[in-house]
Amino acid sequence: DFSLTGSFRQDRYLDKVPEEDQYMWRNDNRWAALLRGDYTPRSSFLTGYAEIGYEYDLSTVSVYNYDQLRLAIGLALRY
């Protein structure tokens, strides 16, 4: 089984934040995507999965800008 999800989030902060020697309004735009694959063999007590996720945040205050890539591989055991 495969799944793909995505999201967008927009944050507007109520108070100004310090940026170097001034105060600025902080507004963030965040995009995220996640791709996941699951595999369950005939013995249904074990499931393997792998997922890759990416998140990008663009802010009006530069210290809050980031992009992040995550990879996870694992096994789930059920009894």
Side-chain angles (χ1 to χ4, degrees):
D1 296 332
F2 284 97
S3 61
L4 175 64
T5 59
S7 64
F8 173 73
R9 180 173 138 179
Q10 197 170 52
D11 295 323
R12 302 288 180 249
Y13 293 82
L14 297 176
D15 296 322
K16 290 185 175 184
V17 296
E19 166 74 3
E20 296 181 9
D21 60 348
Q22 59 184 341
Y23 282 86
M24 297 181 62
W25 292 107
R26 181 177 169 192
N27 300 317
D28 294 355
N29 291 317
R30 180 173 298 145
W31 295 270
L34 179 71
L35 174 64
R36 179 180 172 119
D38 291 282
Y39 174 70
T40 303
R42 290 180 184 246
S43 57
S44 62
F45 66 90
L46 187 65
T47 300
Y49 69 89
E51 65 182 31
I52 185 166
Y54 179 72
E55 194 169 295
Y56 177 73
D57 195 321
L58 181 61
S59 178
T60 55
V61 180
S62 62
V63 296
Y64 295 106
N65 290 335
Y66 71 91
D67 62 327
Q68 180 181 40
L69 182 65
R70 293 183 313 272
L71 175 64
I73 299 172
L75 294 172
L77 179 64
R78 296 186 186 114
Y79 63 95

Side-chain contact test, heavy atoms from C-beta onward, threshold under 4.5 Å: evaluate it for Arg26 versus Glu19 and give yes or no.
no

For Asp67, look at atom CG and say whether over 12 heavy atoms of other residues, nucleotides or ligands are found less than 6.0 Å away.
yes

Does Leu77 sit in a hydrophobic cluster with other residues, and if so which ones, taking ILVMFWY side chains as linked at heavy-atom separations under 4.5 Å, directly or through other members?
Phe45, Leu46, Leu75

In chain order, what residues pass the side chain to side chain donor-acceptor pair (under 3.5 Å) check against Arg78, with sequence neighbours excluded?
Thr47

Taking transitive links into account, so neighbours of neighbours count too, which hydrophobic residues share a cluster with Tyr13 at under 4.5 Å side-chain distance?
none

Let me confirm one number: the CG-CD distance from Asp57 to Gln68, rounded to the nearest 0.5 Å.
10.5 Å

Could you work out, with side chain to side chain contact (heavy atoms under 4.5 Å, CB included) as the rule, every residue matching Ser7, not counting sequence neighbours?
Ala32

Holding to salt bridge (Lys or Arg N to Asp or Glu O under 4.0 Å), I want the full list of residues that pass it with Arg9, two or more places apart in sequence or in another chain.
Asp11

Could you identify which residues cluster with Met24, counting Ile, Leu, Val, Met, Phe, Trp and Tyr as linked when any side-chain heavy atoms lie under 4.5 Å apart, either directly or through a chain of such contacts?
Val17, Val61, Val63, Tyr64

If you group Ile, Leu, Val, Met, Phe, Trp and Tyr whenever their side-chain heavy atoms sit less than 4.5 Å apart, what else falls in with Phe2?
none

CZ of Arg12 to OG1 of Thr60, rounded to nearest 0.5 Å, is 8.0 Å

Ile73 side, atom CD1; Glu51 side, atom CD - distance, nearest 0.5 Å:
10.0 Å

Gln22: what forms a side chain to side chain donor-acceptor pair (under 3.5 Å) with it, not counting sequence neighbours?
none

With Trp31, which residues qualify under ring pair (Phe, Tyr, Trp, His ring centres under 6.0 Å), at least two apart?
Phe8, Tyr56

For Leu4, which residues count as a side chain to side chain contact (heavy atoms under 4.5 Å, CB included) partner, sequence neighbours excluded?
Leu35

Look up atom OH in Tyr66 and atom CD in Glu55, then write down how far apart they are to the nearest 0.5 Å.
3.5 Å

hydrophobic_cluster_shared for Tyr49 and Leu71, side chain cutoff 4.5 Å
no

Under the rule for side chain to side chain contact (heavy atoms under 4.5 Å, CB included), what residues qualify as partners of Pro41, not counting sequence neighbours?
Tyr39, Ser43

State whether a side-chain donor-acceptor pair under 3.5 Å links Ser59 with Asn65.
no

Residue list, side chain to side chain donor-acceptor pair (under 3.5 Å) with Asp38, at least two apart or on another chain:
Arg36

